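A quick write-up on the structure given underneath.
Being a predicted model, the structure only gives us computed values, none of them experimental. Computation of the quantities below employed the complete heavy-atom set of this structure, encompassing side-chain atoms and omitting hydrogens, waters and symmetry-equivalent molecules.
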Amino acid sequence: MTQLGTERPHLPSSEPRRLSGLDRWFKISHRGSTIGREVRGGITTFVAMCYIVLLNPLILGASADITGAKLTTEAITTATALAAGVTTILMGLVGNAPLALAAGLGVNGVVAFQMAPTMTWAQAFGLVVLEGVCIVFMAVSGIRERIINAIPMPLKVAITVGIGLYIALVGLVSAGFVTRTPDSAQSTVPVRMGIGGHLEGWPIAIFCLGLLLMIVLVSRGVPGAVLISIAVATGLAVLVNSVFHVEGWGLVEPKVPDQVVAHPDFSLLGDIDLFGGFGSAGAVTAAVFLFTLVLSGFFDAMGTITSVSEEAGLTKDGKVEGMGRILLVDGAGALAGGVTGSAPNTVFLESAAGVGEGARTGLASIVTGGLFTATLFLTPIAAVVPAQAAAPALVVIGGMMMAQCARIPWRDLDFAIPVFLTIALIPFTYSITNGIGAGLVAYVLIKICKGKIRDIGWILGILAAVFGVYFGIEGIMSWF
């Protein structure tokens, strides 16, 4: 047996000194990454989700509150970039995970079109703050992590697969490759390819070229494949648009901005009324709004965190490394969304784009958050990348996430239907929460009917009951 004293000369004692403080802090080498990959991944995630800085103002700005007041585009843009920057940097420092946060799509619609018409904007954002407080409490108490760990592994895998389909569909729709049939209420085909069932126009051509380029680069293992493809597609889009003056780009028109610097408007910061909404909308209605915000924020984030972390290789035995800290930051993101006036902030699916580029640590999140913070002053630059250039990343990463299907025990009938419902309803209803809820309710029902109540556990039983209320909330509300 070799003694400790004789081992030391043979140990690579100088190796730890070669690791920079940055590497040691974020465990970059430990997770099989490099600083270059983290930076590329952070930039890629930002490019894939920077559209929220433009889209969130359109959603929140389209509605008026109970007094008829509307929010200005400048104020919402500032609030969106500020909250995304601060919470994503916090995720990097505290959670050490390649997860970026911003105002959640869908839930911002609840704030704008359901809550605001029944109360003032300050009261609506006050309820958002209360949502954040509830989620933070559940994270600190460990309740949230226990709930996540109680969900059976096949259903967790199904969430990852469903989200893969979801982000691929989001990418296809945002690029215009898939569109809604105008008379879908009467038609048996709700969606179609392109316009009129055909692909035409420069925007679609740019998307297809970017997608094909990304597929080739990713399959060949080219470093920076996703970011290179987005940059090339953006450059082509700007060139084509400047020459042919193309229409149909959607929210972002690819053109060189007239100005680079924009002045932020912090007028919404801190303008909240925590409990006024219960008086304006009524206690029951406000409580239902709060319940909806908490449930959606809870399970949307849970699904995204689990699936993206799985893709990044940050899970062990179905548990995410540092989940407690990650959930705490996610809850703080919801709270920050209310304080800034940008709607609840949550982990974005587009984080998977950065993971696909090699991001594995919180350094990528700090890069993404730093870019969001810079966007406070550089909004015109963020408006250069069209959806057709960024969407291929969602399609490719979504396809890669489908590989998790191999881990699902399809022959086990206790899981087959619940897993299918989870996978199908996430993209079909555009809601992670709906898919998770349907899968859990079906799983619990099957176990009860087969006399296997002990397999459920009290946590899943309560979750199934809660989702039963969630799915029937409109009927319940009609009784009051």
**Request:** Can you measure from CE (Met323) to CG (Asp330) and round to the nearest 0.5 angstrom?
**Result:** 9.5 Å

**Message:** I want to check something: taking the side chain as every heavy atom from C-beta on, are Leu363 and Ile35 in contact at a cut-off of under 4.5 Å?
**Reply:** yes

**Request:** Could you tell me the separation between the OG atom of Ser365 and the CG atom of Leu90, rounded to the nearest 0.5 Å?
**Result:** 10.5 Å

**Request:** Mind running side-chain contact (heavy atoms from CB on, under 4.5 Å) on Val384 and Lys255 for me, showing each step along the way?
**Result:** CA-CA 6 Å; Val384 173; Lys255 61 180 181 180; over 6 Å; no

**Message:** Strictly distance-based, threshold 3.5 Å: is any side-chain N or O of Thr88 a donor or acceptor partner for the main-chain N or O of Gly369?
**Reply:** no

**Worked verdict on Thr373 versus Val86 for side-chain contact (heavy atoms from CB on, under 4.5 Å)** = CA-CA 7 Å; Thr373 304; Val86 171; 5.6 Å; no

**Asked** Can you list the steps and then say if Thr45 with Glu350 is a side-chain hydrogen bond (donor to acceptor under 3.5 Å, both in side chains)?
**Response** CA-CA 6 Å; Thr45 295; Glu350 283 80 356; over 6 Å; no

**Asked** Just by modelled atom types, is the Ala225 backbone N or O under 3.5 Å from a matching donor or acceptor in the Glu357 side chain?
**Response** yes

**Request:** Return the orientation label for the Phe125 and Trp121 ring planes: parallel under 30°, perpendicular over 60°, tilted otherwise.
**Result:** parallel

**Asked** Who passes salt bridge (Lys or Arg N to Asp or Glu O under 4.0 Å) against Arg31, sequence neighbours left out?
**Response** Glu321

**Request:** Please answer whether the main-chain N or O of Val94 pairs with a side-chain N or O of Arg325 as donor and acceptor at a distance below 3.5 Å.
**Result:** yes

**Request:** State whether the side chain of Thr78 and the backbone N or O of Asp265 hold a donor-acceptor pair below 3.5 Å, judged by distance alone.
**Result:** yes

**Request:** Using atom types as modelled and distance alone, determine if a side-chain donor or acceptor of Ser242 lies under 3.5 Å from a backbone N or O of Leu239.
**Result:** yes

**Prompt:** Checking Arg360 side chain against Val355 main chain: does a donor-acceptor pair fall under 3.5 Å?
**Reply:** yes

**Gap between atom NE2 of His263 and atom CD of Glu74 - 0.5 Å precision** = 11.5 Å

**Asked** Do Tyr166 and Leu349 come close enough that some side-chain heavy atom pair is under 4.5 Å?
**Response** yes

**Request:** Determine whether more than 12 heavy atoms belonging to other residues, nucleotides or ligands lie under 6.0 Å from atom CZ of Phe471.
**Result:** yes

**Straight-line distance of Leu274 CG to Ile272 CD1, nearest 0.5 Å** = 4.5 Å

**Prompt:** From Leu82 CG over to Phe372 CZ, what is the distance, rounded to the nearest 0.5 angstrom?
**Reply:** 12.0 Å

**Item:** Heavy-atom closest contact (Gly41 atom, Ala359 atom, distance)
**Value:** CA-CB, 4.0 Å

**Request:** Would you please classify the geometry between the Phe244 ring and the Trp202 ring as parallel, tilted or perpendicular, with 30° and 60° separating the classes?
**Result:** parallel

**CD1-CE distance between Ile228 and Met214, expressed to the nearest 0.5 angstrom** = 10.0 Å

**Asked** Is the count of non-hydrogen atoms from other residues, nucleotides or ligands lying under 6.0 Å from Trp25 atom CH2 greater than 12?
**Response** no

**Prompt:** Taking Thr422 for the side chain and Leu155 for the main chain, is one N or O donor matched with an acceptor at less than 3.5 Å?
**Reply:** no

**Message:** Closer than 3.5 angstrom, by distance alone: can the side chain of Asp23 be matched with the main-chain N or O of Ser29 as a donor-acceptor pair?
**Reply:** yes

**Message:** With a 3.5 Å distance limit and no angle check, can you tell me whether Thr368 reaches the backbone of Gly42 through a side-chain donor-acceptor pair?
**Reply:** yes

**Item:** Side chain Asn241, main chain Pro254, donor-acceptor under 3.5 Å
**Value:** yes

